[in-house]
Amino acid sequence: MPVIDVDNLTDLDKAKMEVDQLKKEVKLEREKVSKCCEEVMEYIQGGMDDDPLVKGIPEEKNPFKEKGGCVIC
C-alpha cells in the first residue's frame, strides 16, 4: 500500500479519501460489546487449563529455572 502525503493533497482529494473510508466502514459488520465480551471470556476460560500464566510451569519443565547459585564463603 503506497504512502500518501496528506499535506500535499487538495481539499477535494482529502474529501474523496474520507468518503471512500466511510464507505468501507459502513459495510463492516458490527456486534454488541456485551456479546463480544461473553465470547472472549468463554475463550479465555476454555484455555485456562493449558495456560502457563494461570497454571504455572512445572519446575522440571521450566527453561528459566536457575541452574545453580553462587556461594561466597
Side-chain angles (χ1 to χ4, degrees):
M1 181 164 229
V3 177
I4 299 172
D5 187 11
V6 180
D7 294 332
N8 293 333
L9 294 177
T10 64
D11 288 339
L12 181 61
D13 290 333
K14 290 178 186 177
K16 285 181 183 178
M17 286 178 60
E18 187 172 354
V19 168
D20 289 339
Q21 181 63 33
L22 290 172
K23 285 180 181 178
K24 291 176 188 175
E25 289 179 15
V26 79
K27 293 177 186 176
L28 290 175
E29 279 189 46
R30 301 183 187 273
E31 295 285 337
K32 291 186 175 187
V33 172
S34 57
K35 182 179 182 225
C36 293
C37 287
E38 288 175 5
E39 291 174 358
V40 169
M41 287 178 60
E42 288 174 9
Y43 173 78
I44 291 171
Q45 290 172 348
M48 281 178 58
D49 294 337
D50 301 326
D51 191 340
L53 295 175
V54 175
K55 186 178 173 184
I57 301 173
E59 286 296 319
E60 62 274 358
K61 293 184 178 181
N62 187 352
F64 302 105
K65 181 174 104 176
E66 290 188 27
K67 308 258 188 277
C70 178
V71 178
I72 300 175
C73 296

- prompt: Measuring from M17:CE to L9:CG, what's the distance to the nearest 0.5 Å?
  reply: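 The distance works out to 6.0 Å.
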task: To the nearest 0.5 angstrom, please state how far the CD atom of E18 sits from the CG atom of D13.
output: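 Here the interatomic distance stands at 13.0 Å.
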- request: Output every pair passing salt bridge (charged side-chain N to carboxylate O under 4.0 Å, His left out) with a member in residues 44-63, not counting sequence neighbours, ordered by first then second residue.
  value: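 Counting only pairs at least two positions apart or across chains, no salt bridge (charged side-chain N to carboxylate O under 4.0 Å, His left out) contact touches residues 44-63.
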Salt bridge (charged side-chain N to carboxylate O under 4.0 Å, His left out) contacts in which one or both residues fall within residues 25-38, not counting sequence neighbours: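 For residues 25-38: E31-K35, K35-E39.
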query: So with a 6.0 Å cut-off around NZ of K16, is the heavy-atom count from everything else above 12?
result: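 Not buried by this count: 12 neighbours or fewer within 6.0 Å.
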field: Any residue meeting side chain to side chain contact (heavy atoms under 4.5 Å, CB included) with M41, in chain and number order, not counting sequence neighbours
entry: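 With sequence neighbours excluded, M41 shows a side chain to side chain contact (heavy atoms under 4.5 Å, CB included) to Q45, given in chain and number order.
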